[in-house]
Undergrad: 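Okay, handing you the structure first.
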Amino acid sequence: MVQLIRKTKHMYVAIILFVLSIILIFPYPHQGPYGATIAFRLGIPIESENGIQYVAVLAVILLLTSLFFLVQAVGMHHGRFFVLAVIIAWFAPHLLASTFQKHFASDIYAVSYDRDSSTCFFGMEDEIMLHGVCELPFENYSKQDVTFKIQLIGKYNEKDSKLVSLMKTESPYKVILRGKERKRLRLEMDIDVSGMKEEHISGQLEQIDIIIMSGERMRRL
């Protein structure tokens, strides 16, 4: 019988590097990968001036290196192990994050935010008052009520950045999600823009970046 594991040490290295690559791209508890959160706390840049994501590059390097050691470690069926590892690396992070959030997380960590379906609309009510309406879809996977504050943020072009700055003047907004509740929150704001040079301000924003906070806990979504 052909030995399945030919080089045990290579297999250990492959597993360690593979797990590290998964951790770096783990999409929880923030919108970005967990590796970016670690880098931010350590004061390490996560993106170059040209938009290159250092965390993603490092994760790919670790994954490819782990696959190299994996192929060297197994005694047979190299292709099958290679394909299986790639499939796991592709699906496992999101599956694990979703499973943990739906069944084990609590407080704001059990709150899911559908960023792709979020929108904000702005229009002048009169000469000095800007009226804004934001619709943000949330779901609370826990059985307990969750109370948290929402701060609207985001990276937009020069025109839209002005709308974002106006939204910030009115936030954070306090909301309550009941246990197992799915809700499209509607946030309305009236902002005095009499001190601004523009005579008319209006617009629409989509895919709104937010921060949710509860006590000292915080998530970027």
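As a basis for the values below, the full set of heavy atoms in this structure was taken, side chains included, without hydrogen atoms, waters or symmetry mates.
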Undergrad: What's the separation between atom CD1 in Ile88 and atom CG in Leu63, rounded to the nearest 0.5 Å?
TA: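 Ile88 atom CD1 to Leu63 atom CG measures 11.0 Å (nearest 0.5 Å).
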Undergrad: Show the nearest heavy-atom pair for residues Leu70 and Met11, with the distance to one decimal.
TA: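 Residues Leu70 and Met11, closest heavy atoms: CD1-CE, 3.7 Å.
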Undergrad: Evaluate the criterion side chain to side chain contact (heavy atoms under 4.5 Å, CB included) for residue pair Leu136 and Val175; output intermediate values, then yes/no.
TA: CA-CA 11 Å; Leu136 311 176; Val175 298; over 6 Å; no
Undergrad: Looking at Glu135, I'd like to know if its CD atom is crowded, meaning that more than 12 non-hydrogen atoms belonging to other residues, nucleotides or ligands lie closer than 6.0 Å.
TA: yes
Undergrad: Evaluate the criterion side chain to side chain contact (heavy atoms under 4.5 Å, CB included) for residue pair Asp209 and Arg115; output intermediate values, then yes/no.
TA: CA-CA 7 Å; Asp209 293 330; Arg115 176 179 175 272; 2.5 Å; yes
Undergrad: Below 4.5 Å, heavy atoms only, C-beta onward: do Ile208 and Cys134 meet side chain to side chain?
TA: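 Side-chain contact under 4.5 Å: no.
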Undergrad: Any donor and acceptor pair, going by atom type alone, linking the side chain of Ser21 with main-chain N or O of Leu62 inside 3.5 Å?
TA: no
Undergrad: Indicate the atoms forming the closest heavy-atom contact of Ala89 with Ile25, along with that distance.
TA: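 So the minimum-distance heavy-atom pair works out to O-CD1, 4.1 Å.
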Undergrad: Check whether any side-chain heavy atom of Phe82 sits under 4.5 Å from a side-chain heavy atom of Val86, and report yes or no.
TA: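 Yes, side chains in contact.
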Undergrad: Identify which one of Tyr28, Tyr141, Tyr109 satisfies the ring pair (Phe, Tyr, Trp, His ring centres under 6.0 Å) criterion when paired with Phe100.
TA: Tyr28
Undergrad: To check you understand the geometry: which heavy-atom pair defines the closest contact between Val111 and Val146, and what is its length?
TA: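 Result for this residue pair: CG2-CG1, 4.0 Å.
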Undergrad: Does atom CZ (Arg182) have a neighbourhood of more than 12 heavy atoms from anything else shown, all under 6.0 Å?
TA: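 Atom CZ in Arg182 is not crowded, with 12 or fewer foreign heavy atoms closer than 6.0 Å.
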Undergrad: Could you go through Ile210 and Phe138, starting from their C-alpha distance and side-chain angles, then the distance that decides it, and tell me whether this counts as side chain to side chain contact (heavy atoms under 4.5 Å, CB included)?
TA: CA-CA 12 Å; Ile210 66 171; Phe138 288 94; 3.5 Å; yes
Undergrad: Taking the side chain as every heavy atom from C-beta outward, state whether Ser112 and Lys102 have any atom pair closer than 4.5 Å.
TA: no
Undergrad: So which atom in Arg220 and which in Ile211 form the shortest heavy-atom distance, rounded to 0.1 Å?
TA: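 What the structure gives for the nearest pair is NH1-CD1, 3.7 Å.
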Undergrad: Identify the heavy atoms of Thr147 and Ser214 that sit nearest to each other, and give their distance.
TA: O-OG, 3.5 Å
Undergrad: Please assess Ile16 against Phe69 for the test side chain to side chain contact (heavy atoms under 4.5 Å, CB included), listing each intermediate value before the final yes or no.
TA: CA-CA 10 Å; Ile16 292 173; Phe69 278 98; over 6 Å; no
